[in-house]
Amino acid sequence: MKHELCKISDRIYYMDFGPDTDRPNLGYIKGDKYSLMFDCGASAAHVEEYKRVLAESGLAFPDAAVLSHWHWDHALGMSFLGIPVIAGKETNEKLKEVCKWEWNLEDMKKRVKTGEDILFCYDMVQREHGMDLKAIPHFRTADIVFEESLDIDLGGVTCRIRHVGGPHSKDSVICYVPEEEFAFLSDSAGKDLFGMPWNYDPEKPEEAGIEMSKMPYDAEALNAYLAELAKYPFKNCIKGHEYHSSRDVFIASIAGPDL
């Protein structure tokens, strides 16, 4: 799967998402002294693509990475980065739990039945990693853990890492870059795929997006999330599995007529 590096400014970049296996966008913030990666990737192959697009653009591999939340497509690449990974406390506590998971079809099926995991992840993990499931690394915990907020000065640009929760996963954090008026939101604005009932036929992967679009938001959770985001005056942003947009377009995409 070939990706491209998208440039927002001289400071802000991201490698585009891959819907075929649910790979998320991987952010890159370039400072005068250091650079930072936002989200850690889904696999060794995903990380290698990130390294490739950075090298082709003359950008150094980042000095550290921030994990937005615990889900596999954002976290399994941690084992292949070779740099310190930063995560919120809630995310790291969840990582401690999922470090115990085994990656074989029997255990993966059991987790879907118990509700620890969902069919969509069961399907996409296999699409990303192939049938050689033994090659999938275990999750690992973060090297640096923060409570609710962390500011990182990269030199000329600041990354404000903030726990915002949100309807998708309660541990979600964002990266707000005030000098660029930009925010990496990852999946924080997404729907609750783990907590709400939904299904699709893995033989028809195009159905997954259709079924997701039918799912409602929890209005209370979404309103609380939007109130939290109001603290950060970014003008442009990017979600985990879509291209970047203005703040207005982003808000309109999640706030329906009832909110």
How long is the gap from CG on Leu193 to CZ on Phe120, to the nearest 0.5 Å? 7.5 Å
Once side chain to side chain donor-acceptor pair (under 3.5 Å) is applied, do any residues pair with Lys110, and if so which ones, sequence neighbours excluded? none
Quick one: salt bridge (charged side-chain N to carboxylate O under 4.0 Å, His left out) pairs with a partner in residues 159-172, sequence neighbours left out? Asp151-Arg162
Find out whether Lys239 and Ile254 are in side-chain contact, i.e. whether some heavy atom of one side chain is under 4.5 Å from a heavy atom of the other. yes
Scanning both residues in full, the closest heavy-atom pair of Leu67 with Val173 reads O-CG2, 3.5 Å
Heavy-atom distance under 4.5 Å between the side chains of Ile12 and Phe184, does that happen here? yes
Please confirm whether the backbone N or O of His46 pairs with a side-chain atom of Ser43, one donor and one acceptor, at under 3.5 Å? yes
Contact summary for Ser188 and Tyr225, nearest pair of heavy atoms: OG-OH, 2.6 Å
With sequence neighbours left out, write down each residue that passes side chain to side chain donor-acceptor pair (under 3.5 Å) with His3, or none if nothing qualifies. Asp16, Arg23
Could you pull out all residues at least two apart from Pro19 that satisfy side-chain contact (heavy atoms from CB on, under 4.5 Å)? Phe17
Membership question, hydrophobic clusters at under 4.5 Å side-chain separation (ILVMFWY): are Ile8 and Phe250 in the same one? no
Donor-acceptor pair, Asn223 side chain versus Ala219 backbone, under 3.5 Å? yes
Would you check if the side chain of Thr114 reaches a backbone N or O of Arg111 as a donor-acceptor pair within less than 3.5 Å? yes
For Glu181, side chain to side chain donor-acceptor pair (under 3.5 Å) partners two or more places apart: none
Might you point out which heavy atoms bring Leu54 and Ala60 nearest each other, and give the distance in Å? CD1-O, 4.2 Å
Looking at Asp192, is its backbone amide N or carbonyl O close enough to the side chain of His168 to form a donor-acceptor pair, meaning the two atoms are under 3.5 Å apart? no
Please collect all side chain to side chain donor-acceptor pair (under 3.5 Å) contacts where either partner lies in residues 135-150, sequence neighbours excluded, each pair once. Arg140-Asp143, Glu148-His163
From Glu49 atom CD to Met15 atom CE, the distance as rounded to the nearest 0.5 Å: 6.0 Å
Consider only side-chain heavy atoms of I, L, V, M, F, W and Y, link residues closer than 4.5 Å, and tell whether Ile152 and Tyr14 are in one cluster. yes
Tyr13 versus Val53: any side-chain heavy-atom pair under 4.5 Å? no
Would you say the side chain of Ile118 lies within less than 4.5 Å of the side chain of Val112, judging by non-hydrogen atoms? no
Quick check against the 3.5 Å criterion: does Lys191 have a side-chain atom that pairs as donor or acceptor with the backbone of Ser213? yes
For Gly240, does its backbone N or O pair with a side-chain atom of Asn25 as donor and acceptor, under 3.5 Å? yes
Reported CG-to-NE2 distance for the pair Asn236 and His244, which is rounded to 0.5 angstrom: 7.0 Å
Would you name the heavy atoms of Tyr217 and Gly190 that are closest together and state the gap between them? CE2-O, 3.6 Å
Students often mix this up, so state it plainly: with edges at 30° and 60°, are the rings of Phe61 and Tyr50 parallel, tilted or perpendicular? perpendicular
Consider only side-chain heavy atoms of I, L, V, M, F, W and Y, link residues closer than 4.5 Å, and tell whether Val47 and Leu95 are in one cluster. yes
Checking Asp201 now: which residues fulfil side-chain contact (heavy atoms from CB on, under 4.5 Å) with it, not counting sequence neighbours? Glu203, Lys204, Glu207
Side-chain contact test, heavy atoms from C-beta onward, threshold under 4.5 Å: evaluate it for Ile161 versus Ile86 and give yes or no. no
Hey, are Lys231 and Glu228 close enough for a salt bridge, meaning a charged N less than 4.0 Å from a carboxylate O? yes
Residues passing the ring pair (Phe, Tyr, Trp, His ring centres under 6.0 Å) test with Tyr122, sequence neighbours excluded, are none
What pairs with Glu211 under side-chain contact (heavy atoms from CB on, under 4.5 Å), at least two apart in sequence or on another chain? Trp198, Tyr200, Lys214
Contacts of type side-chain contact (heavy atoms from CB on, under 4.5 Å), residue Glu48, not counting sequence neighbours: Lys51
Residues which pass side chain to side chain donor-acceptor pair (under 3.5 Å) with Thr21, listed by chain and number, not counting sequence neighbours: Glu128
Any donor and acceptor pair, going by atom type alone, linking the side chain of Asn92 with main-chain N or O of Ala142 inside 3.5 Å? yes
Using 0.5 Å steps for rounding, measure from the SG atom of Cys40 to the CG atom of Leu81. 5.0 Å
Show the numbers, then the answer: is there a ring-ring contact (aromatic ring centres under 6.0 Å, His included) between His71 and Phe194? CA-CA 10 Å; His71 293 166; Phe194 279 72; 4.7 Å; yes
With sequence neighbours left out, which residue pairs that include part of residues 29-41 fulfil the side chain to side chain donor-acceptor pair (under 3.5 Å) condition? Arg11-Asp32, Tyr28-Ser35, Asp39-Ser68, Asp39-His74, Asp39-Ser186
